[in-house]
Amino acid sequence: MKQYVAKILSETIEMTEEEILPLLETPPNREMGDVAFPCFSLAKTFKKAPQMIAEEIAKKINDSMITAAPTGPYLNFYFNRSQFAAELVEKVLSKGFGFGESKVGENKTVVVDFSSPNIAKPFSLPHLRSTMIGNAIVNLHKALGYKTVGINHLGDWGTQFGKEIVAYHKWGNDEAIHNNPIEELVKIYVKFHEEAEIHPELEDEARLWFKKLEDKDEEAVRLWKWFVEESMKEFEKIYKLLGVSFDHYMGESFYNDKMDRVIEELESKKLLVESEGAQIVDLSSEDMPPALIKKKDGSSIYATRDLAAALYRKDHFGFEKMFYVVGNEQKLHFQQIFAVLNKMGYTWAENLTHVPFGLMLFESKKMSTRKGTIVLLEEVLQKSIEMADSIIAEKNPNLANREEVAKAIGVGSVIFNDLKHHRLHEVNFSWEEALNFEGETGPYVQYTNARTQSLLRKSELTEAQLDQINGEFLQGEASWDLILLINQYPDILVKAANRAEPSIVARYLLDLSAQFNRFYHQERILVDNIEEKKSKLGLALSTSYVLQHGLKILGLQAPKEI
């Protein structure tokens with residue numbers, strides 16, 4: 001609506017649409033119009049009172065879609081509801097699942113670094129955050145026409161592997177590890193930390209084994225490869241359940257032979273200095289602690305690999321933007337990485353964004369691998385599917401594809417429970433909240449979409465038959481509020497992508513679902529008048545297209561029947 005008003009105004013006054021858009025306001029109540037233009041900014045140019053300017057502009061506007069009415073210093077615009085409703089619904093129906101998408105990112109590439117679980121550790125509930133936030137950011141940019149590159153930066157290198165190897169040699173059981181690799185590897189990893197509190201020398205032993213791994217010691221490399229292979233099998237099961245895929249698996253080890261370039265470049269640019277035997281980049285001018293590039297013992301640190309990764313990705317993908325979807329606790333690390341790249345002269349470092357997020361709690365408790373207090377994501381997803389199946393069995397026992405729907409609802413409830421929160425907030429997972437079909441949940445949105453599909457089935461009309469919409473039947477308050485919400489969807493996608501904030505889409509879907517249900521309860525849809533029925537079903541189907549598209553952006557399925 002604001003874009004339409006900006007276009008009309010730009011043809012009347014000497015301002016561009018881009019200059020007008022930020023000035024436009026939404027009146028506090030519907031009686032004052034749909035869009036308002038304050039004329040204060042034109043007073044100096046026109047050398048007249050804003051009230052007079054509003055009156056003069058109103059006289060010049062002649063458009064069938066809007067009526068311009070001056071009210072004091074404001075020019076209020078009232079849209080022709082009938083015409084606007086018909087045109088919007090017909091537009092949505094013609095575009096289908098393409099409504100809301102655009103080509104703003106055409107010929108531009110976005111790289112998203114997300115999920116990144118650690119090898120030899122289980123895929124626990126907190127890993128859901130980076131995985132699904134990152135997946136949604138990928139989907140948002142795809143919808144806006146960008147070429148996307150999703151990268152899983154696996155934690156497959158570092159001192160923890162020295163710890164795991166020490167733990168394996170001291171307490172590992174080959175048969176037990178072969179039968180249940182992740183559980184056993186975690187068990188001995190936890191034991192290492194318990195023992196290290198009593199015997200600190202174990203930490204030195206772990207550092208020694210990691211150095212051996214870096215030096216390609218045969219035994220160290222053999223164990224490391226085994227840990228990676230077994231972990232990937234477990235991870236793939238989870239990704240399949242979540243419906244998440246990646247363009248590349250490039251773990252930290254991928255950059256082992258690419259770090260020399262970083263060291264050499266830092267040295268040639270005189271940025272690398274020695275500090276207590278270690279190699280650092282001084283960031284005091286940026287009011288930050290130094291970035292550690294090489295440890296005292298000569299081994300690398302993940303900051304070095306992140307610098308190598310950034311250079312490699314820029315060279316190979318030529319990205320416009322790159323997002324790192326990593327927890328809030330890594331904020332300083334990424335500030336340092338971006339600062340070092342800037343010092344190296346790479347101006348594109350300004351287009352790198354750390355996308356932080358808050359902790360995930362389970363029933364109000366924090367989880368820790370070291371302390372052995374983790375909750376496995378696979379177990380949460382499977383239990384959620386079982387609970388969803390029980391609810392469906394009670395509500396609709398004869399549902400044909402019950403198993404498939406239960407999976408969509410169960411997995412979707414876990415994903416939506418995460419993404420409906422602002423990503424910086426803590427998320428507390430609870431079964432009761434996540435699987436509620438009437439609360440602010442994924443099942444509520446999925447059920448609302450199924451309701452729109454149910455209307456279409458009951459009408460015995462096909463989607464193709466909803467070809468002509470009469471806006472006269474869509475002027476009730478419930479209809480009009482629904483139309484205004486649907487109209488916002490393209491802007492919602494842009495806003496969510498710009499802020500790397502999937503909760504904007506999730507909250508919008510909740511609002512759209514609530515408004516559709518008001519429309520469903522307040523207005524008769526399956527009426528005898530065929531023209532009215534087609535128009536209202538067209539609005540219902542438009543809602544369904546947007547709900548399904550939004551759910552897909554977030555990584556949820558949208559069953560047509562529940």
Side-chain angles (χ1 to χ4, degrees), residues 113-134 151-174 176-197 202-203 206-207 209-210 213 220-242 244 246 249-254 301-302 305-306 325-327 329-330 333 357 359-362 365-382 429:
D113 174 329
F114 68 111
S115 194
S116 313
N118 289 322
I119 295 299
K121 293 182 184 177
F123 206 116
S124 59
L125 184 58
H127 286 111
L128 182 76
R129 300 229 68 196
S130 173
T131 305
M132 299 320 299
I133 292 170
I151 298 177
N152 195 334
H153 188 73
L154 294 162
D156 65 354
W157 206 250
T159 312
Q160 73 264 28
F161 287 97
K163 295 176 182 180
E164 197 70 69
I165 292 169
V166 171
Y168 168 77
H169 282 141
K170 290 187 179 297
W171 309 291
N173 178 299
D174 271 16
I177 292 172
H178 276 294
N179 291 336
N180 202 343
I182 299 298
E183 188 178 319
E184 286 299 319
L185 289 172
V186 169
K187 191 187 291 182
I188 61 174
Y189 183 78
V190 170
K191 187 169 178 62
F192 174 91
H193 285 280
E194 290 171 350
E195 292 292 325
E197 288 183 12
L202 284 171
E203 297 282 359
R207 279 190 282 272
W209 268 106
F210 177 56
L213 180 59
V221 171
R222 179 186 72 81
L223 289 172
W224 172 75
K225 282 184 176 177
W226 179 39
F227 297 159
V228 171
E229 286 167 10
E230 294 298 338
S231 296
M232 285 309 300
K233 289 176 193 171
E234 295 297 308
F235 295 163
E236 282 299 337
K237 278 162 52 181
I238 306 296
Y239 291 133
K240 188 177 179 183
L241 204 51
L242 291 170
V244 173
F246 301 89
Y249 284 90
M250 292 173 173
E252 293 182 52
S253 65
F254 178 80
I301 189 167
Y302 64 97
R305 286 189 285 278
D306 273 344
V325 188
V326 184
E329 66 279 3
Q330 294 297 321
H333 167 74
F357 51 86
L359 289 172
M360 169 76 85
L361 307 177
F362 183 77
K365 292 177 185 174
K366 192 176 175 181
M367 293 161 272
S368 165
T369 305
R370 288 186 180 192
K371 296 176 182 176
T373 56
I374 53 170
V375 177
L376 299 179
L377 179 57
E378 186 178 12
E379 289 179 5
V380 171
L381 292 172
Q382 292 296 354
F429 181 85

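Predicted model, so just to flag it, every value in this text is computed and none were measured. Along the sequence shown, residues are numbered consecutively beginning with 1.
Looking at Asn173, its side chain does come within 3.5 Å of a backbone N or O of Ala176 through a donor-acceptor pair. Here the side chain of Thr159 pairs no donor or acceptor atom with the backbone of Arg207 at under 3.5 angstrom. Within the 3.5 Å criterion, the main-chain N or O of Tyr249 finds no donor-acceptor partner in the side chain of Asn152. Side-chain atoms of Ser130 come within 3.5 Å of backbone atoms of Ser115 as a donor-acceptor pair (strictly under, hydrogens ignored). Within the 3.5 Å criterion, the main-chain N or O of Ser253 finds a donor-acceptor partner in the side chain of Asp156. With hydrogens and angles disregarded, no donor-acceptor distance shorter than 3.5 Å links the side chain of His169 to the backbone of Val166.
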Derivation of the salt bridge (charged side-chain N to carboxylate O under 4.0 Å, His left out) call for Lys191 and Glu195: CA-CA 6 Å; Lys191 187 169 178 62; Glu195 292 292 325; 3.6 Å; yes
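For the ring-ring contact (aromatic ring centres under 6.0 Å, His included) test, residues two or more places apart in sequence or in another chain that qualify with Tyr239 are Phe123, Phe246. In this structure, Glu378 has no side-chain hydrogen bond (donor to acceptor under 3.5 Å, both in side chains) partners at least two apart in sequence or on a different chain.
Closest approach of Ile119 and Ser231 over heavy atoms only: CG2-OG, 3.5 Å. Considering every non-hydrogen atom in both Pro181 and Asn179, the closest pair reads CD-C, 3.8 Å. In plain terms, the two heavy atoms of Val186 and Ala120 that are nearest each other are CG2-O, 4.0 Å. For Lys121 against Ile182, the heavy-atom pair with the smallest separation is C-CG2, 3.9 Å. For the residue pair Phe357 and Ile133, the shortest heavy atom distance occurs at CB-CD1, 3.8 Å. When all heavy atoms of Trp171 and Phe192 are compared, the pair lying nearest together is CZ3-CA, 3.7 Å.
Two residues are said to be in side-chain contact when any heavy atoms from C-beta on lie closer than 4.5 Å; Met360 and Leu128 meet this criterion.
With hydrogens and angles left out, the side-chain atoms of Lys163 and Tyr189 include no donor and acceptor closer than 3.5 Å.
Aromatic rings from Phe254 and His153 are positioned such that their centres are separated by 6.0 Å or more. Trp157 and Phe210 have their aromatic ring centers within a separation under 6.0 angstrom.
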